[in-house]
Amino acid sequence: MDTNKQKAFVIHSKPYKETSLIVTFLTERNGKVDAVAKGAKRKKSKFSGNLEPFQLLSIDYGGRSNLKTLFLAESIEPYKDFLESENLFSAFYVNELINFLLPYSDESSKLFKIYQDCIQSLKFEKKYRGSFKDL
């Protein structure tokens, strides 16, 4: 069984059958990857609370088809909330752009680093509230 343990962010997720999710990840080495998180919607799931957007995860998945099976999803850093709701909306928009524009398995560690820096900036920076005269 091939495994691919690496860092990743959740880009998108959708329900699959009664208790599972199909999760789209932006991974550090393999780009955009879809994986089934079996039983993720159960109360006592091993994935409980970890498959949230904007959280850096350590994941492990495997499988031969384009739709992989998720074995592990552990948080690397404690979750930090966004200071401004406008920044949260911007972060969701970045996720949508990646989900719709990035081809699957397009390996790019540079894109992963850019995404990680973008999310960090959006989480910790306050929206500029001055006037254009101040610029």
Visitor: If you group Ile, Leu, Val, Met, Phe, Trp and Tyr by side-chain heavy-atom gaps below 4.5 Å, do Tyr93 and Tyr115 land in one group?
Guide: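 As far as the 4.5 Å side-chain criterion goes, Tyr115 and Tyr93 are not connected within one cluster.
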
Visitor: Atom CD1 in Ile98, atom CG in Asp106: separation rounded to 0.5 Å?
Guide: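 Those atoms lie 11.5 Å apart.
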
Visitor: Please answer: with hydrophobic residues joined when any side-chain heavy atoms are less than 4.5 Å apart, are Phe92 and Leu56 in the same cluster?
Guide: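 They do share one cluster, since a chain of ILVMFWY contacts under 4.5 Å joins Phe92 to Leu56.
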
Visitor: How far apart are the C-alpha atoms of Lys7 and Ile76, what are their side-chain angles, what is the distance that settles it, and do they pass the side-chain contact (heavy atoms from CB on, under 4.5 Å) test?
Guide: CA-CA 8 Å; Lys7 293 178 183 176; Ile76 293 176; 3.7 Å; yes

Visitor: Where do Leu72 and Lys5 come nearest, in terms of heavy atoms and distance?
Guide: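 Where Leu72 meets Lys5 most closely, the heavy atoms are CD2-CE, 3.9 Å.
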
Visitor: Do Asn50 and Glu74 have a side chain donor and acceptor closer than 3.5 Å?
Guide: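 Glu74 and Asn50 do not have a side-chain donor-acceptor pair below 3.5 Å.
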
Visitor: Looking at Ala73 and Phe47, what are the two nearest heavy atoms and their distance?
Guide: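 The pair with the smallest heavy-atom distance is CB-CD2, 3.8 Å.
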
Visitor: Going from NZ on Lys14 to CD1 on Ile22, what distance comes out if it is rounded to the nearest 0.5 angstrom?
Guide: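 Reported to 0.5 Å precision, the distance equals 5.0 Å.
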
Visitor: Could you check Phe54 against Phe82 for ring pair (Phe, Tyr, Trp, His ring centres under 6.0 Å), going step by step and ending with a plain yes or no?
Guide: CA-CA 10 Å; Phe54 319 121; Phe82 288 82; 5.3 Å; yes

Visitor: To the nearest 0.5 Å, tell me how far Ser13 OG sits from Asn99 CG.
Guide: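 Interatomic distance, Ser13 OG to Asn99 CG, rounded to 0.5 Å: 10.0 Å.
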
Visitor: Do Asp34 and Tyr104 have a side chain donor and acceptor closer than 3.5 Å?
Guide: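 Their side chains do contain a donor-acceptor pair, which is all the 3.5 Å distance test asks for.
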
Visitor: Just checking, any donor-acceptor pair under 3.5 angstrom between side chains of Ser109 and Glu28?
Guide: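 Not at all, the side chains of Ser109 and Glu28 share no donor-acceptor pair under 3.5 Å.
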
Visitor: Side chains of Ser20 and Lys41: does their closest heavy-atom pair fall under 4.5 Å?
Guide: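 Sidechains of Lys41 and Ser20: no contact.
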
Visitor: Return yes when atom NZ of Lys123 has more than 12 non-hydrogen atoms of other residues, nucleotides or ligands closer than 6.0 Å, and no otherwise.
Guide: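 Yes, the 6.0 Å shell around NZ holds more than 12 heavy atoms from other groups.
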
Visitor: Between Tyr16 and Val36, what is the shortest heavy-atom contact and its length?
Guide: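 Looking at all heavy atoms of both residues, the closest pair is CD2-CG1, 4.0 Å.
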
Visitor: Please name the pair of heavy atoms, one in Ala37 and one in Leu70, separated by the smallest distance, quoted to 0.1 Å.
Guide: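 Between these two residues, the closest heavy atoms are CB-CD2, 3.9 Å.
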
Visitor: How long is the straight-line distance from CG of Asn4 back to CD1 of Ile59, given to the nearest 0.5 Å?
Guide: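 Spacing of CD1 (Ile59) from CG (Asn4) equals 8.5 Å.
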
Visitor: Is the Phe25-Tyr61 ring centre distance short of 6.0 angstrom?
Guide: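 No, too far apart.
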
Visitor: Taking the six-membered ring for Trp, is the centroid-to-centroid distance between Phe112 and Phe9 below 6.0 Å?
Guide: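 Yes, close enough.
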
Visitor: Do you know the tightest heavy-atom contact between Leu57 and Val10?
Guide: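 Taking every non-hydrogen atom into account, CD1-CG2, 3.9 Å.
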
Visitor: Mind checking salt bridge (charged side-chain N to carboxylate O under 4.0 Å, His left out) for Lys113 and listing every partner two or more places apart, or none if nothing turns up?
Guide: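 Asp117.
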
Visitor: If you look at every heavy atom in Leu102 and Lys32, which pair is closest and at what distance?
Guide: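 Nearest pair, atom of Leu102 first, then Lys32: O-NZ, 2.9 Å.
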
Visitor: How far does CZ of Arg42 sit from CD of Glu18, to the nearest 0.5 angstrom?
Guide: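 Going from the CZ atom of Arg42 to the CD atom of Glu18 covers 9.5 Å.
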
Visitor: Does any N or O in the side chain of Thr24 come within less than 3.5 Å of the main-chain N or O of Ile11, such that one atom is a donor and the other an acceptor?
Guide: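 Side chain of Thr24 to backbone of Ile11: no pair is present.
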
Visitor: Can you tell me how far apart NZ (Lys68) and CG (Asp60) are? Round to the nearest 0.5 Å.
Guide: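 That separation rounds to 12.0 Å.
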
Visitor: Could you tell me whether a side-chain N or O of Lys38 sits under 3.5 Å from a main-chain N or O of Phe71, the two making a donor and an acceptor?
Guide: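 Between the backbone of Phe71 and the side chain of Lys38 there is no qualifying donor-acceptor contact (under 3.5 Å).
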
